[in-house]
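Counting begins at 1 with the first residue of the sequence. In each ligand, atom 1 is the first atom listed, and ligand 1 is the first ligand listed. Heavy-atom basis, side chains included; hydrogens, waters and symmetry copies ignored.
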Amino acid sequence: MEGLEQNLIDGKLVAASSGGTFETVNPATEEVLGVAADGTAADMDAAIDAARRAFDGGAPEWADPAFRARCLRQLREALQSHSDELRELTIAEVGAPRFFTTIAQLDSPVEDLGYAADLAESYEWTKDMGEASPVGIKSHRWVVREPAGVVGAITPWNFPHQINLAKVGPALAAGCTVVLKPAPDTPWAAASVAAIAANETDIPPGVLNVVNSSDHALGAMLSTDPRVDVVSFTGSTATGRKVMANAAESLKRVFLELGGKSAFIILDDADVSAAASLAAFTACSHAGQGCAITTRLLIPRARYDEVVEAAAATMSALAAGDPQAPGTICGPVISARQRDRIEGYLRSATEQGGTFATGGGRPADQERGFFIEPTLITGLDNSARVAQEEIFGPVLVAIPHDGDDDAVRIANDSPYGLSGAVHSADPDRAWAVARKVRTGTLSINGGIWYSADMPFGGYKASGIGREMGVAGFEEYLETKAISTAV
Ligand code: NAD
């Protein structure tokens, strides 16, 4: 695919102004796939300037929701026409198992651009509030929703298409202009979308800008620059805090999707072996590199051994392997740095008295690539480091509970509040637990909450605001009250 070594600034695909590039690596093989533009501060400045000018009247057609909807559908169709190339690129660069590219790693987020396009057309941009005489002056009132302005979108590497497009789609649908700063680990995911947008859609110059760089400071520029109105950030909680602090000076709106340490709760009336297998499958998916993945398995104390055995059996069957293979669920982690970090957590588990029911290190049969065995940790309680901190690897911690209230207590004993699951034969009991767990999403008995029209986001240290759904679209809107005397 052409354009992978370029950034998109003001409608043009350009090399970094310094001529610099940086490598992107296949995490399954450690081979260098190629290079991406190593954008500079001057490039980011030019991108912000282009987005500002396009928003402030430089792209007048962008004010028309029908035009924006047409451009978003063009982008969806263009991306779909390249789906074979994008799929291979995603598997190679992200280490995403092929299976997941048919859902959240590629096909779903591309399809979901259609939801954003539909919202641009169907949204009630102007609400007639009718007449009133609030202070004795008869007035006709309207509430008008307007695009919030220039959006700085900063994204991580784990689900790059999903996260890039779940920001770009709604922000563009809302009428904003965007500067996207992708993670340096997966530059081609964004560069490919940028090239297709530039070459195959009518999105006006400056409306969508993509600046790849090996320098994290370019993300910080988006959170400090007064020309940016909204920062839409997905990444670690530590970086999210910096983004929010940096954004304070220019009082920009901040939208944060951060980390998680979600609980999978099995109640004592559930089909425990089916629930255990699902929990194990989820923890191994994309090598556990999903912020909403349930990584603490809360088990009725009397069923602990039985559930651990079932979960361990599933996890050892889902051996970490080649993401190209159609049956792979657990591929590599993104980098040597991430693998080392996960190994540090595994060491901390044994140092704190934990044991491994399965896994616990690198798989013996993978000579190259950043692989970690699916690992089930037992013998620790919820205060252990591996139960409190986000590991971002295929690691599940089995923790006993003493009934529904205790399970809720343990689930909520976390700085995070992103997601969760509850399994029970009794729907009312499951619902009661679901309502008490303080998280932004929750699955009952395997229900799927992820879709274009459902909000996604976190309580507590998992974030502020919501992505996707109408709530996600409204993150990119301002609200104006207008009244005329009658
Ligand atoms: P990260 O926080 O290190 O980086 C995320 C992005 O922020 C990258 O583009 C990076 O270049 C940029 N960045 C780094 N320093 C910055 C700064 N000071 N100011 C602005 N931008 C800066 O995260 P990561 O390692 O790329 O991704 C993994 C983390 O992301 C995990 O903690 C995971 O839970 C989280 N995540 C959350 C969600 C969610 O929706 N809640 C989704 C995916 C990943």
Side-chain angles (χ1 to χ4, degrees), residues 22 27 36 38-39 41 44 94 96 104-105 109 152-167 179-187 189-190 210-225 228 231-249 252 254-262 285-295 333-335 337-342 345 389-393 395 414-419 439-441 449-450 454-468 472 475:
F22 67 102
D38 198 0
M44 180 55 86
V94 185
Q105 281 288 13
I154 305 171
T155 57
W157 40 260
N158 58 328
F159 281 79
H161 290 301
Q162 198 282 325
I163 299 167
N164 291 342
L165 295 177
K167 296 189 187 306
V179 179
L180 171 64
K181 209 297 289 167
D185 308 81
T186 52
V210 178
V211 183
N212 270 312
S213 175
S214 63
D215 184 358
H216 294 300
L218 268 60
M221 278 179 76
L222 283 174
S223 41
T224 52
D225 196 300
V228 176
V231 182
S232 179
F233 172 82
T234 299
S236 62
T237 296
T239 308
R241 285 198 176 95
K242 287 187 205 161
V243 167
M244 194 166 177
N246 285 336
E249 185 61 30
K252 56 177 88 310
V254 176
F255 164 57
L256 303 172
E257 294 288 353
L258 309 175
K261 192 73 201 179
S262 302
S285 300
H286 188 35
Q289 300 168 109
C291 48
I293 287 177
T294 40
T295 52
V333 299
I334 192 72
S335 60
R337 179 178 67 100
Q338 278 298 116
R339 183 187 54 195
D340 295 348
R341 192 171 163 270
I342 296 163
Y345 277 111
E389 296 180 20
E390 185 176 54
I391 299 175
F392 238 53
V395 182
S414 168
Y416 296 110
L418 192 54
S419 187
T439 59
T441 59
W449 41 257
Y450 171 84
M454 288 285 281
F456 170 65
Y459 289 21
K460 303 194 279 182
S462 290
I464 296 174
R466 291 293 177 272
E467 196 139 78
M468 304 172 73
E475 294 285 346

Checklist entry - Using a distance-only test with no angle check, is there a side-chain donor-acceptor pair under 3.5 angstrom linking Tyr345 and Glu389? => result yes

Item to check | 4.0 Å protein heavy-atom contact status of atom 4 (O) of ligand 1, strictly under | outcome: no

Item to check | Any N/O pair His216/ligand 1 closer than 3.5 Å | outcome: yes

Checklist entry - Which ligand 1 atoms does Lys181 reach within 4.0 Å, using its non-hydrogen atoms? => result 8 (C), 9 (O), 10 (C), 11 (O)

Item to check | Nearest-neighbour protein heavy atom for atom 37 (C) of ligand 1, which is reported as residue plus atom name and distance | outcome: Leu258 O, 3.0 Å

Item to check | Mutual orientation of the aromatic rings belonging to Trp449 and Phe456 [parallel < 30°, tilted 30-60°, perpendicular > 60°] | outcome: parallel

Checklist entry - Going by distance alone, is a donor N or O of one side chain under 3.5 Å from an acceptor N or O of the other, for Asp38 and Ser214? => result yes

Next on the checklist: Below the 3.5 angstrom mark, is there an N/O of Glu390, backbone or side chain, next to an N/O of ligand 1?
Outcome noted: yes

Checklist entry - With distance as the sole test, does Glu475 use its side chain to make a donor-acceptor pair with the main-chain N or O of Met468 at under 3.5 Å? => result no

Checklist entry - With sequence neighbours left out, which residue pairs that include part of residues 156-167 fulfil the salt bridge (charged side-chain N to carboxylate O under 4.0 Å, His left out) condition? => result Lys167-Glu467

Next on the checklist: One residue to check: Phe159. Relative to ligand 1, which of side chain, backbone, both or neither has a non-hydrogen atom less than 4.0 Å away?
Outcome noted: neither

Checklist entry - Does ligand 1 have an atom under 4.0 Å from some heavy atom of Gly463? => result no

Checklist entry - Heavy atom of Gly290 under 4.0 Å from ligand 1? => result no

Checklist entry - Who's the nearest protein heavy-atom neighbour of atom 8 (C) of ligand 1, and how far? => result Thr155 O, 3.3 Å

Next on the checklist: Keeping Glu390 on the side-chain end and Lys261 on the backbone end, is there a donor-acceptor pair under 3.5 Å?
Outcome noted: no

